[in-house]
Number of protein chains: 2
Amino acid sequence: MTVDRLPAPATSGRRALVLHDRPLVVNLIELTLNHGLFVVQAAGTLAEAEAILASWRPHLAVVDMDHDDSTALLDRLGASNGLRERSATPVLGLTRRGDLQTKLRAFDLGVDDILAMPFSPEELLARSIVISRRATGTEMPIVPAITLGEIEIDIVKREVRAGTSVVHLSGIEQHLLYLLASRAGQVVTRDEILDAVWGTDFVSESNVVDRHIRALRSKLQNDYRHPRFIATVPGQGYRFIPTFSNLGWDAGATRDPDRRR
Amino acid sequence: MTVDRLPAPATSGRRALVLHDRPLVVNLIELTLNHGLFVVQAAGTLAEAEAILASWRPHLAVVDMDHDDSTALLDRLGASNGLRERSATPVLGLTRRGDLQTKLRAFDLGVDDILAMPFSPEELLARSIVISRRATGTEMPIVPAITLGEIEIDIVKREVRAGTSVVHLSGIEQHLLYLLASRAGQVVTRDEILDAVWGTDFVSESNVVDRHIRALRSKLQNDYRHPRFIATVPGQGYRFIPTFSNLGWDAGATRDPDRRR
DNA sequence: TGCCGGCCATGACAGAGCGTCATGACACGG
DNA sequence: CCGTGTCATGACGCTCTGTCATGGCCGGCA
């Protein structure tokens, strides 16, 4: 089965380093930061991050604060006693816990801003742009909308245009859509989604993922009986396909026949 | 009628300048920043702000971005092309409009962080502390709870302890409580509240204030028939009195007999 | 072939937070 | 004594989030 490739993003030469050990989250961040014309490189360990840092000189770092190496990386980035060096790379921290204590500790470690899960891609982009432009003092281009097959996503307004209809997404729905879209054509597990949106602390037996997938679906498709864009792969998870026609099988079937791969 | 004075706040010598032309908002900010052991001085005009700036050397500035002189003051504070000077006073901007464009413009003007109305005192405090400690690189004390008469308010948890019961407030309810508490014993108009919490853009004929006053009341008083702490002054507005016994008139009467003053 | 069990979609619901509306009590002024 | 304006109150609508019970479909297995 062939699937449209995501369009190659335009770049402005702006670079972002991501320290995160969940590939799905990295994909999400990459797709989101494309709106800000960032090119993203991911590191799963401190060593990788340092290599990228030395050779690539990123303009922004997005750091999972729950990662074991986050503190070490922040040290390397020029944090010192809550007072960051002027020329250091601006850092956006991601955290599972949103209480004030956790946030203040993150700032102590040298973060420029902090984002608690679950967040929306809109917030991620906004904060990334803010701290990045503050560090460099230059304007930053934003591409408010991207097109994926038959879908157009406006990240700022949190709207999706599919065909003639325009719908507004909630933060979590937008997160979910970006997650799936960043892996277009591939299957994403429920557990991966749960982990990427809420963090592993969340109740794994919960039904939340289904719930929001369902909300997304009902917003993306005009009529009830024509499932589009999001297919179910039984026993495995969900799969996003940006064009309707590429689904291939009969409309009305949500199930993805391509089960064994 | 005598009313308990608010306790004189402990200070840590940390100073905050507020540029705002609504005295009620200034009171709110003052009471809120007391949790961070700030001493507050307010300016209604650029001239006043400059005088305070020169003689008082504040550690933090809270600036109403809808104020005519906000841009000029930000210039004075060392903003230049989105790139702020290192030693400049950190600035927290307040704005009525919360869209991304407005926020980005605020950052362009040199703000360190931006807060859109309606916000909760908890957020105001958290962001103030974050940008202030980032600028100075020192630890900042927080007093999580303050006591007003028979009421104890935990700003971080957004909880209120009145007697034996503990209740959780929403952001707007907390804002409302701080607003009234910062003018303890005095009457506050509906329009003033509307303006201070939502901004004047809001529909003036709306019932929102009553709605949230009611919610606050029902959370502060255990039993239905004993109104406490928040009295109605017919034709004028509401009045907060931190102790029950000081209400003076018969329990069961929500109305404040002290109408003509 | 027929039954069972697992996976998933669906509808219903809960509950917080926010805002609106209609009604009715109450006091005041004429 | 009645009308008017001011408030309190209950009821409702809406969005967002999360939970639960049900029932359909399919595949595996006897």
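The model shown is predicted, which means the values in this text are computed figures rather than measured ones. So you know, we letter chains A, B, ... as the sequences are listed, proteins then strands, and number each from 1.
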For atom NE2 of B:His212 and atom P of D:dT9, their distance in whole Å: 16 Å

Of the listed nucleotides C:dT20, D:dA8, D:dT17, the one nearest the side chain of B:Thr232: D:dA8

A:Leu176 CG to D:dC16 P, straight-line distance once rounded to whole Å: 15 Å

Contact under 4.0 Å: B:Trp198 side-chain N or O vs C:dG19 OP1/OP2: yes

Interatomic spacing from CG in A:Leu125 to OG in A:Ser132 - rounded to 0.5 Å: 10.5 Å

From CA spacing to verdict: salt bridge (charged side-chain N to carboxylate O under 4.0 Å, His left out), A:Asp66, A:Arg97: CA-CA 9 Å; A:Asp66 300 317; A:Arg97 302 185 46 212; over 6 Å; no

Touch class at under 4.0 angstrom, heavy-atom based, for A:Ile172 against every strand present: sugar-phosphate

N/O (side chain, B:Ser170) to phosphate O (OP1/OP2, C:dC18) under 4.0 Å: yes

Length of the CE-C1' vector between A:Met117 and D:dT17, whole Å: 16 Å

Heavy-atom closest pair, residues B:His168 and B:Lys219: O-NZ, 2.9 Å

Whichever of B:Pro118 and A:Tyr238 has its nearest DNA chain C nucleotide further upstream toward 5': A:Tyr238

B:Arg217 vs D:dA8: side-chain N/O to OP1/OP2 distance below 4.0 Å: yes

Nucleotide C:dC8, atom C1' - distance to CG of A:Asn207 in whole Å: 9 Å

Rounded distance (nearest 0.5 Å) linking atom OG1 of A:Thr95 with atom NZ of A:Lys103: 9.0 Å

B:Arg214 side-chain N/O to D:dC7 phosphate OP1/OP2 under 4.0 Å: no

Presence of A:Ser206 side-chain N/O under 4.0 Å of D:dT19 phosphate oxygens OP1/OP2: yes

Between D:dC7 (P) and B:Arg211 (CZ): distance, integer Å: 18 Å

Donor on one side chain, acceptor on other, A:Arg217 and A:Thr232, under 3.5 Å: yes

Euclidean distance, atom CD1 of residue A:Ile213 to atom C1' of C:dA9 [Å, nearest integer]: 12 Å

Nucleotide D:dT15, atom P - distance to CD of A:Gln174 in whole Å: 18 Å

Within-4.5 Å side-chain heavy-atom neighbours: B:Val130 and A:Ile114: no

Interatomic distance, B:Leu194 CG vs C:dG19 C1' [rounded to whole Å]: 12 Å

Side chain to side chain donor-acceptor pair (under 3.5 Å) partners for A:Glu123, two or more places apart: A:Arg127

Angle of first-five versus last-five pair axes in the helix from C:dT1-D:dA30 to C:dG30-D:dC1, to 10 degrees: 40°

Shortest side-chain distance from A:Lys219, nucleotide among D:dG18, D:dC16, C:dG17: D:dC16

